[in-house]
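Beneath this line is the structure, given in structure tokens, with notes to follow.
Throughout, numbering of the chain's residues begins at 1 and tracks the sequence. Every number for a ligand or one of its atoms is a count from 1 in the order of the listing.
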Amino acid sequence: LEYIGIKLQLEEEIVESHTVLKSLKGKPVFLIAATLRPETIYGVTNCWIASNGIYGVYEVVYRKDDSADQSESEYFIMTPRAARNMAFQGFDGGEFGQPKEILQLKGEQLIGWSLKCPECAFEKIYILPMFNVSTQKGTGIVMSVPSDSPDDYRALLDLKEKAGLREKFHLKNEWVFPFEPVSVVDVPTFGDMSAKVACEKFHVRSQNDVEALKKAKDLVYLKGFYEGKLLKGPYAGELVQEAKAKIKSYLLSQNKAIVYCEPEFPVISRSG
Ligand code: ZZB
């Protein structure tokens, strides 16, 4: 399975104010959000993590001209599982197959950090918790597109509607309330907020309604891919089917994203 890993850059003030990360001052630190829908990047409102998941900060060495002293480092935040896979895909810590972990973090420690998301409508977005984020899939980091993803739509609404949930995770209002869904894809008969329409059709009442959410997601995926028309960016007016590859190439060529392949089998770590 091939994901596009969108590079969401951690804001400098977050890097500087963290006891360990401040040693990376001036260096690029990214959360890598795994997506199958890079064309929806214009509709990102926040970033989701699993609050009880384990994440790591990894040094990734880019080699220029194959010479070691021409190398430059970037820092990726993702699950240890994703880091292990990426280390075989050109994103290692200096040695093929070896991730270089700087620090481990619990998902809840990431909540409220601010990020810059390429091409999105907001100057900065925040890391928030969603129950349906799996640490066993992708990078464990998800870009949230509430206009087109039923999971994202419902989870964001839960945070807005449920004060108890915001208190539980110590969320500030300013991380949640300013972020309304942004329309990016127009789907015939569904309109430009297909996630909302699908959630209502299948009576999704919370992010815990996993079965109804799955039905909503399957329908929106299908409709969005085959019938959707893009509304934002340089490919506005084109079918999603056509625009998807162009946006992917653009993001890759600008170094705003990477390709991340997920093996179809479990990777066994050397430590067991
Ligand atoms: C942006 C986006 C916009 C997504 C959309 C979907 C939709 P799949 O098919 O189940 O593999 N995702 C990625 N990683 C995780 C994770 N670890 N845990 C939970 N969700 C994850 O789903 C791939 C999609 O699930 C990815 O694409 C990502 O959300 C999310 F409008 O990125 B997507 C109808 C779906 N629409």
Side-chain angles (χ1 to χ4, degrees), residues 1-8 31-55 77-83 85-86 107 110 117-121 125 127-156 181-187 190-199 201-202 204 207-208 210-233 240-241 243-244 247-248 251 257 259-264:
L1 191 57
E2 185 188 285
Y3 288 101
I4 302 302
I6 306 288
K7 294 163 88 171
L8 307 175
L31 275 85
I32 307 297
T35 181
L36 300 176
R37 303 280 315 267
E39 74 282 5
T40 63
I41 196 163
Y42 307 101
V44 171
T45 58
N46 62 282
C47 169
W48 300 121
I49 50 85
S51 65
N52 51 17
I54 300 288
Y55 294 88
I77 299 180
M78 56 194 161
T79 56
R81 182 184 154 281
N85 286 324
M86 265 186 215
L110 306 174
C117 175
E119 316 301 322
C120 95
I125 58 166
I127 301 178
L128 300 172
M130 175 165 77
F131 297 141
N132 301 330
V133 174
S134 162
T135 52
Q136 300 306 310
K137 197 168 104 175
T139 55
I141 311 280
V142 179
M143 69 177 203
S144 170
V145 185
S147 55
D148 290 82
S149 162
D151 283 309
D152 302 348
Y153 172 76
R154 191 56 247 188
L156 186 59
V182 175
S183 62
V184 269
V185 176
D186 187 56
V187 179
F190 271 49
D192 63 357
M193 290 285 159
S194 47
K196 178 174 193 279
V197 174
C199 281
K201 182 177 163 76
F202 293 104
V204 177
Q207 60 186 298
N208 299 311
V210 184
E211 270 171 42
L213 272 171
K214 189 174 182 316
K215 287 183 197 157
K217 182 172 159 178
D218 288 348
L219 183 63
V220 171
Y221 252 134
L222 205 70
K223 286 273 234 183
F225 186 72
Y226 289 108
E227 302 174 41
K229 234 185 215 165
L230 209 67
L231 296 169
K232 296 272 156 64
V240 165
Q241 281 187 70
K244 191 192 271 285
I247 294 170
K248 171 183 158 183
L251 293 171
V259 171
Y260 168 56
C261 295
E262 187 103 294
E264 314 278 318

Going from [atom1] on [X] to [atom2] on [Y], what distance comes out if it is rounded to the nearest 0.5 angstrom?
X	Y	atom1	atom2	answer
Cys47	Met143	SG	CE	10.5 Å
Glu119	Thr40	CD	OG1	12.5 Å
Asn85	Thr79	CG	OG1	8.0 Å
Thr139	Met86	OG1	CE	6.0 Å

Check each N or O atom of ligand 1 against all protein N or O atoms and list the pairs under 3.5 Å, with atom names and distances to 0.1 Å, one per line.
residue, atom, partner, partner atom, Å
ligand 1, 9 (O), Tyr221, OH, 3.3
ligand 1, 10 (O), Lys137, NZ, 2.7
ligand 1, 10 (O), Lys217, NZ, 2.9
ligand 1, 17 (N), Ser134, O, 2.7
ligand 1, 17 (N), Lys137, O, 2.9
ligand 1, 18 (N), Ser134, N, 2.9
ligand 1, 22 (O), Lys217, NZ, 3.4
ligand 1, 22 (O), Tyr221, OH, 3.3
ligand 1, 27 (O), Leu36, N, 3.3
ligand 1, 32 (O), Thr35, OG1, 2.7
ligand 1, 36 (N), Asp148, O, 3.2

Does a sphere of radius 6.0 Å around NZ in Lys244 hold more than 12 heavy atoms from other residues, nucleotides or ligands, not counting ones at 6.0 Å or beyond?
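Yes, because the 6.0 Å sphere around NZ of Lys244 holds more than 12 heavy atoms from other groups.
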Under 3.5 Å, side-chain donor or acceptor atoms of residues 210-230 against the rest of the protein: list the pairs with distances, not counting sequence neighbours.
residue, atom, partner, partner atom, Å
Lys214, NZ, Asp218, OD2, 2.8
Lys223, NZ, Thr189, OG1, 3.4

